[in-house]
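Just so you know, these numbers come straight off a predicted model, no measurement behind them. Here, residue 1 is the first one in the sequence, and each next residue gets the next number.
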Amino acid sequence: MLKVKNLTVKFPSRFGDITAIEDVAMSIASGEIHGLVGESGAGKSTVGAAIIGLLQAPGFVADGQMTLADTDLRNLTAVEAHNMRGKRISMIFQDPQTSLNPLMRVEDQLIETIQAHEDISSKDARARAVEILEEIGIQNASERIKAYPHQFSGGMRQRVVIALALSTNPEVIIADEPTTALDVAVQSQVLDLIKELATNRKIGFMLITHDIGVIAQVADRVSVMRYGKVLESGTTAQVLGDPQHPYTQALLDSVPPLDRKIDRFRVPEEESNPSQKDVGNHAERWLLEGVMQENVGLKVENLRVEFPGVRTSLWQKPDSFTALHDISFDVKPGSILGLVGESGSGKSTLAKAITGLVNPTAGHMALGAETLPPGKLRTRIHPSRQIVQMIFQDPYSSLNPRHRISAILSEPLWLYGLVNDGGERRELARAMLDLVGMAPEDLDKYPHQFSGGQRQRIAVARALLARPRFLICDEPTSALDVSIQAEMLNLLKDLHAKFGLTILFISHNLAVVRQMSDDMVVLRNGRIEEFGRAQNVYQNPKSEYTRELLELTPVLPTTWATK
């Protein structure tokens with residue numbers, strides 16, 4: 001159905017043409033799901049953009065052939081390409097929130113898409129839109145179609161984006177990271193839907209992702225890309241079951257297993273550029289000289305968090321929403337507690353309550369022998385502001401884009417009065433970069449000059465420079481590629497081993513939590529479903545909900561394991 005041969009895409013620059021992808025070849029048959037896997041920057045999305053004709057200027061197709069059935073995609077006029085795009089080839093983008101117009105109802109967006117490619121009345125277009133929404137599993141579609149995008153959950157918004165792609169009966173759909181931001185249960189629903197559409201409608205799918213577990217679960221064929229080239233291609237069982245290229249083998253070794261805990265991941269190569277100078281020891285000694293060497297635990301008792309509702313009239317009392325329902329648990333000194341749950345389960349609310357960013361309605365929290373007061377009572381100089389530090393999910397939005405790394409890392413040192421001399425602050429920041437695997441010369445760069453994995457390392461360095469005693473990692477690897485995720489997990493394992501940090505590790509990825517945690521809490525709708533030793537929870541879960549999450553987690557078949 002779709003054939004790509006020797007595809008080369010270049011981007012002009014003042015230093016000459018930059019080759020984004022080179023000699024890429026692949027094919028997609030009717031009803032086939034072809035997985036395109038690789039790290040960020042491998043060129044996966046560029047392949048999809050070139051096929052559908054959405055290459056960002058000034059990029060251009062320099063060579064190669066692209067054919068859809070008997071149609072040569074390279075020889076289409078601008079009008080023909082516009083008519084083909086969306087009609088015969090559709091695309092599902094990574095973030096459904098930005099793919100949908102927030103000011104238009106779902107109904108209007110679907111009708112507009114259908115009428116753009118067909119001479120059809122609004123009434124008939126609406127009827128087809130409702131039919132498509134029902135097909136993809138949206139209940140009460142005739143009413144839900146009137147809603148705005150923000151009134152749907154993340155999984156439902158992704159279904160609406162799929163409905164937009166299906167509305168013109170395409171032959172091929174390019175799905176660019178369609179499940180990256182979704183929880184394991186919602187991810188499973190979307191993947192099942194893609195498999196069902198490929199089987200029933202005979203639609204060919206190009207599934208672009210960095211999640212090898214997803215590829216193993218749904219793809220018929222797979223191509224592994226790196227640096228703009230296809231390194232290995234074949235059936236999923238061939239490529240993942242018996243990888244021939246060293247990069248593919250290392251990529252598979254980076255996938256966290258669900259059935260066991262490993263000491264360290266083997267990654268394709270270190271993303272960072274560590275210094276050859278032995279400056280990291282200075283940061284290590286400085287950390288060990290502080291209160292960081294004193295392990296402390298966290299005790300949470302009957303913690304309750306409520307958010308007020310919206311008042312609809314002067315006489316009506318607004319209904320409140322309870323995000324956390326009287327939860328209690330302990331984090332042992334020097335241990336790692338894994339916290340898992342779907343979006344909306346209360347994970348981030350709990351983290352914010354501990355750090356003082358959200359005020360609890362009731363309950364008690366203590367770090368060691370010291371009570372943690374509500375956030376409204378924690379001033380900037382309150383000790384808990386320093387000893388409890390947080391690593392956020394998105395390192396780009398958590399780092400000030402206008403500040404150099406030196407200013408970002410020096411901030412906790414002067415804010416908490418740890419180092420008074422400016423020159424000493426700079427040297428300590430340089431040493432901390434070296435400790436987390438970054439080059440000390442990166443100190444004078446800005447956040448946008450780094451990759452996602454490097455920015456997350458910088459966020460870790462900033463948290464450590466506060467000399468914390470308790471570290472909260474809120475989805476620190478969810479936005480990272482599998483190999484860079486492995487690097488970050490290795491780094492956190494090393495820091496925990498060196499300094500005995502007490503860590504609360506939050507994630508919706510059960511395989512990642514398995515690799516990091518000593519104990520584990522499963523949270524659902526603000527309530528604890530299960531709490532205990534991580535090994536016991538994974539091997540013998542007592543909660544039906546935990547069993548469902550474990551069953552839905554995409555993993556490599558044990559017969560394909562390379563270790």
Side-chain angles (χ1 to χ4, degrees), residues 39-41 210 226 247 250-251 253-256 262-288 292 336 389-396 398-399 404-413 425-468 471 473-501 503 505 512 515-516:
E39 300 171 277
S40 293
H210 62 256
R226 194 183 197 198
Y247 174 74
L251 207 59
D253 285 343
S254 300
V255 179
I262 60 178
D263 293 330
R264 194 169 184 81
F265 293 94
R266 183 171 74 91
V267 296
E269 63 183 41
E270 289 295 327
E271 181 200 66
S272 56
N273 180 26
S275 169
Q276 298 302 315
K277 300 177 183 179
D278 189 22
V279 296
N281 286 339
H282 173 45
E284 187 173 332
R285 288 192 298 269
W286 180 81
L287 287 172
L288 290 174
M292 197 171 182
I336 301 178
Q389 290 294 310
M390 191 164 176
I391 300 171
F392 295 92
Q393 178 174 352
D394 183 1
Y396 191 75
S398 64
L399 301 176
R404 296 182 188 272
I405 302 306
S406 57
I408 291 173
L409 296 184
S410 297
E411 184 177 17
L413 295 175
R425 285 198 297 263
R426 182 177 174 85
E427 287 306 310
L428 190 55
R430 186 191 302 274
M432 189 61 71
L433 279 182
D434 187 75
L435 183 66
V436 299
M438 296 284 291
E441 54 264 28
D442 292 334
L443 205 61
D444 293 318
K445 296 180 181 179
Y446 289 92
H448 73 270
Q449 295 177 272
F450 298 95
S451 68
Q454 290 173 320
R455 284 195 292 264
Q456 199 62 289
R457 287 174 182 266
I458 294 168
V460 172
R462 180 178 61 179
L464 291 178
L465 282 167
R467 274 181 170 167
L471 191 62
C473 302
D474 189 5
E475 300 274 11
T477 64
S478 63
L480 304 180
D481 298 324
V482 61
S483 58
I484 301 176
Q485 171 183 269
E487 292 178 16
M488 183 55 55
L489 296 180
N490 283 344
L491 173 63
L492 291 173
K493 282 174 176 281
D494 291 342
L495 294 173
H496 178 255
K498 282 183 179 180
F499 306 115
L501 277 169
I503 299 176
F505 191 91
V512 169
Q515 305 310 312
M516 295 300 300

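- The shortest side-chain heavy-atom distance between S398 and M390 does not fall under the 4.5 Å cut-off.
- The CG atom of L495 sits 9.5 Å away from atom CD of E284, with the distance rounded to the nearest 0.5 Å.
- Taking 4.5 Å as the limit, every side-chain heavy atom of P440 sits out of range of all side-chain heavy atoms of L433.
- Nearest heavy atom pair, residue L435 against residue K498, reads CD1-NZ, 3.9 Å.
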Please lay out, stage by stage, how Q389 and L465 fare under the test side chain to side chain contact (heavy atoms under 4.5 Å, CB included). CA-CA 10 Å; Q389 290 294 310; L465 282 167; over 6 Å; no
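- Residues I458 and P447 form no side-chain contact, since every pair of their non-hydrogen atoms from C-beta on lies 4.5 Å or further apart.
- K493 places no side-chain N or O within donor-acceptor distance of the main-chain N or O of F265, the cut-off being under 3.5 Å.
- S406 and D444 get closest at one heavy-atom pair: OG-OD1, 4.3 Å.
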Given the rule in the side chain to side chain contact (heavy atoms under 4.5 Å, CB included) test, do L399 and R462 qualify, once you have shown the distances and angles that lead to the verdict? CA-CA 10 Å; L399 301 176; R462 180 178 61 179; 3.8 Å; yes
I405 vs Q454, test: side chain to side chain contact (heavy atoms under 4.5 Å, CB included). Steps then yes/no. CA-CA 12 Å; I405 302 306; Q454 290 173 320; over 6 Å; no
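- A 4.5 Å side-chain heavy-atom check between L501 and L492 finds every atom pair outside the cut-off.
- Taking CG of L489 as the start and CE of M516 as the end, the distance is 6.0 Å to the nearest 0.5 Å.
- Across V512 and P256, no two heavy atoms sit closer than the pair CG2-CG, 4.0 Å.
- Listed for the R425 side chain is no donor-acceptor partner under 3.5 Å among the backbone atoms of S410.
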Residue pair M438, F450: steps toward the side chain to side chain contact (heavy atoms under 4.5 Å, CB included) verdict: CA-CA 10 Å; M438 296 284 291; F450 298 95; 3.5 Å; yes
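- Remark: side-chain polar atoms of E39 are not paired, donor with acceptor, to backbone N or O of R226 under 3.5 angstrom.
- In this structure, CD in E427 is found 7.0 Å from NE2 in H282, a value given to the nearest 0.5 Å.
- Summarising the geometry, atom CD1 belonging to I484 is positioned 13.0 Å from atom CG belonging to N490; distances are rounded to the nearest 0.5 Å.
- Judged by distance alone, with hydrogens and angles left aside, the side-chain atoms of Q456 form no donor-acceptor pair with the main-chain N or O of G453 at under 3.5 Å.
- Considering CG of D442 and CG of L409, their distance stands at 10.5 Å, rounded to 0.5 Å.
- Qualifying side-chain contact (heavy atoms from CB on, under 4.5 Å) partners for D494, counting only residues two or more places apart in sequence or in other chains: R264.
- Atom CG of L471 is separated from atom CG of L464 by 6.5 Å, given to the nearest 0.5 angstrom.
- Checked by atom type and distance alone, the side chain of R467 pairs as donor or acceptor with a backbone atom of W286 at under 3.5 Å.
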